Amino acid sequence: MAEEKTRVDFNAPATLVERADRVVDVLDISRTRLLIEALEDELEEIADDEEFCRRLGDAYYDDRVDFETVESILGREEAMRMKLLKESIDREPPGPTLADDLPSDETFYDGPVSEWVPDEESNDDGESLM
């Protein structure tokens, strides 16, 4: 199925248009085809630029652009990666919760808690002297 077309009208320097017209004559294509291919190439190059991707990511994480914008520029896989990262950044980590109070040491250790006492063959730090 053919994609819907949108008419674009813009002003360009006359010398640039003349150069484009010379190129399309040699290539035997329309000016429109040349401009579409040039625009596609430029957009592909921009999407591969690290600085642009960083700026696009910042805009997405700050809610200045939506998922569909990222997807249309970078593709579905990269957009999904950014979406998952954003969701993990926005998520509040759950805090530990206890149903009851903490158990006593005796209950936890199933009896009295013994204390460590160095033996005669250890120094004060518990290191063996042998």
Side-chain angles (χ1 to χ4, degrees):
M1 184 160 107
E3 187 174 348
E4 182 182 339
K5 307 280 185 192
T6 300
R7 182 167 186 78
V8 177
D9 183 26
F10 63 94
N11 295 316
T15 56
L16 182 61
V17 175
E18 289 169 9
R19 283 178 55 202
D21 286 344
R22 290 187 188 114
V23 169
V24 298
D25 286 343
V26 171
L27 295 176
D28 194 28
I29 61 174
S30 69
R31 185 191 294 163
T32 299
R33 171 60 25 215
L34 178 70
L35 293 173
I36 289 172
E37 288 176 3
L39 186 56
E40 286 172 340
D41 291 346
E42 182 64 19
L43 291 174
E44 210 172 286
E45 190 175 314
I46 288 171
D48 289 338
D49 181 68
E50 286 183 34
E51 174 64 18
F52 173 78
C53 289
R54 184 193 62 73
R55 291 175 62 184
L56 179 61
D58 289 347
Y60 178 64
Y61 298 136
D62 293 341
D63 293 321
R64 290 181 280 134
V65 298
D66 59 11
F67 176 81
E68 289 75 24
T69 300
V70 175
E71 183 179 29
S72 70
I73 296 170
L74 299 181
R76 183 146 185 84
E77 184 176 338
E78 185 64 17
M80 286 301 295
R81 186 189 70 74
M82 291 176 85
K83 181 179 182 180
L84 292 172
L85 179 60
K86 181 180 181 187
E87 288 171 355
S88 72
I89 291 170
D90 291 343
R91 183 179 60 216
E92 288 289 327
T97 58
L98 296 173
D100 299 317
D101 292 332
L102 289 173
S104 68
D105 285 347
E106 286 189 16
T107 304
F108 184 79
Y109 291 107
D110 195 24
V113 179
S114 59
E115 291 186 32
W116 179 81
V117 179
D119 60 13
E120 295 170 11
E121 295 178 4
S122 301
N123 65 12
D124 289 339
D125 294 328
E127 295 176 5
S128 176
L129 298 175
M130 297 188 167

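On a predicted model such as this, the values are computed, not experimentally measured, just so you know.
By the 6.0 Å contact criterion, CD on Glu68 is enclosed, its count of non-hydrogen atoms from other residues, nucleotides or ligands being greater than 12. The local environment of CG in Asp25 is crowded, with over 12 non-hydrogen atoms from other residues, nucleotides or ligands closer than 6.0 Å. For Glu45, the CD atom counts as loosely surrounded, since its 6.0 Å shell holds 12 or fewer non-hydrogen atoms of other residues, nucleotides or ligands.
Here the CD1-CG distance, from Ile46 to Leu74, works out to 11.5 Å after rounding to the nearest 0.5 Å. To the nearest 0.5 Å, the span separating OH on Tyr60 from NZ on Lys83 amounts to 6.0 Å. A distance of 12.0 Å separates OG1 in Thr69 from CZ in Arg64, rounded to the nearest 0.5 Å. With rounding to the nearest 0.5 Å, the separation of CG in Asn11 from CG in Leu16 is 12.0 Å.
Comment: Arg33 engages Glu37 in a salt bridge, judged by a side-chain N to carboxylate O separation of less than 4.0 angstrom. Salt bridge Asp49/Arg55: absent, no basic N to carboxylate O contact under 4.0 Å.
Note on Leu43: it does not cluster hydrophobically with Phe52, by side-chain heavy-atom contacts below 4.5 Å among ILVMFWY residues. Linking ILVMFWY side-chain heavy atoms closer than 4.5 Å, directly or via other members, places Leu39 and Val24 in two distinct hydrophobic clusters. The same ILVMFWY cluster, assembled from side-chain heavy atoms under 4.5 Å apart, contains both Val70 and Leu85.
Proximity of Glu78 to Ile73: side-chain heavy atoms (C-beta onward) are nowhere separated by under 4.5 Å. Counting heavy atoms from C-beta outward, Met82 and Phe67 have side chains that stay 4.5 Å or more apart.
The two residues Phe10 and Leu35 have their closest heavy-atom pair at CZ-CD1, 4.2 Å. Between Cys53 and Ala47 the shortest heavy-atom distance is SG-O, 3.0 Å.
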